[in-house]
Amino acid sequence: MIQNNIELLNDRIIETLNKCGRNIDTVRLVAVSKRFPTSSIKEAQEAGQRLFGENYIQEANDKYHELHGNVQFHFIGHLQSNKAKIAAEICSMIETVNSFKLAKKLNNHLVPLTKTLDILVQVNTGDDTNKSGIAPDKVGDLLRKISKLPMLRALGLMTIPPFTENPDNARSFFQELRLLSQSLSKEKLFFDNNRVELSMGMSNDYRIAIEEGATLVRIGTAIFGQRVATRQNQQI
Ligand SMILES: *Cc1c(COP(=O)(O)O)cnc(C)c1O
């Protein structure tokens, strides 16, 4: 089932890219494996999937070791500073950097590892008080400070729009993120200003996100199925 879902998704992603005149290799699929077992990740890897998204660092760490490090993780959850060390060690990208304090912690842990780490700044589009991420007008300042941290490469922006039943309602938030990234890249605030990453779009709205310029789509349910709610996290 996982294999079929991944194949179907890759087809739909290409279809959407074709429809809006984008090259087929401009979007990467992040398979969100949170709360699914390591065996599900293995199954997806056998179907050719390379990139996975996790939102609890302890869970990601357990899976990382079960897979003997043979997995590429993007961290997509709220990262507490006291978990920055593990995140720096096991992730290839942190998509949810939302403060200079966290960025500095990550950088400090990366120095002895001599590892550079890709990051995205999480933006609170729509000013949703329930979501973490920083206000759009604060992103420039944060990127300016992050650019002084030698071990971090700020590749772009990430957002989780407020939940709505109709995926088309997310479009304006995706547009907002793209416009913000364009003005920040004019100021040369990213690591590569000709190729800025935009992580936006989940199972129900990834096609709209791709139409609006997403380069990373984070998809869980449409690959692995419905997650069982845990007490830690009732809402997702
Ligand atoms: C869980 C999660 C996703 C995946 O959501 P689905 O609707 O299952 O595709 C994407 N992004 C973030 C930040 C998440 O926490």
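In each ligand, atom 1 is the first atom listed, and ligand 1 is the first ligand listed.
Taking a cutoff of 4.0 Å between a charged side-chain nitrogen and a carboxylate oxygen, Asp192 and Arg195 do not qualify as a salt bridge. Looking at Lys34 and Glu59, no side-chain N of the basic residue comes within less than 4.0 Å of a carboxylate O on the acidic one, giving no salt bridge. With respect to Glu89 and Lys85, a salt bridge is recorded, a charged nitrogen being found less than 4.0 Å from a carboxylate O. Between Arg28 and Glu197, at least one side-chain N (NZ, or NE/NH1/NH2) sits under 4.0 Å from a carboxylate O, which counts as a salt bridge.
Heavy-atom proximity to Ile219, at under 4.0 Å, picks out these atoms of ligand 1: 9 (O). The distance from ligand 1 to the heavy atoms of Ile76 drops below 4.0 Å at these ligand atoms: 11 (N), 12 (C), 13 (C), 14 (C). Residue contact check: Thr221 has heavy atoms under 4.0 Å from atoms 6 (P), 7 (O), 8 (O), 9 (O) of ligand 1. Annotation for ligand 1: atoms under 4.0 Å from non-hydrogen atoms of Arg218 are 4 (C), 9 (O), 10 (C), 11 (N), 12 (C), 13 (C). Annotation for ligand 1: atoms under 4.0 Å from non-hydrogen atoms of Gly220 are 4 (C), 6 (P), 8 (O), 9 (O).
Here Ile160 has side-chain heavy atoms under 4.0 Å from ligand 1, and that is the only part of it that gets that close. With a 4.0 Å heavy-atom cut-off, ligand 1 is reached by the side chain of Arg227 but not by its N, CA, C or O.
Judged by distance alone, the side chains of Arg218 and Ser199 do bring a donor and an acceptor atom under 3.5 Å apart. In this structure, a donor-acceptor pair under 3.5 Å is present between the side chains of Glu54 and Ser33.
Annotation: Ala222 places no N or O atom under 3.5 Å from an N or O atom of ligand 1; distance criterion only.
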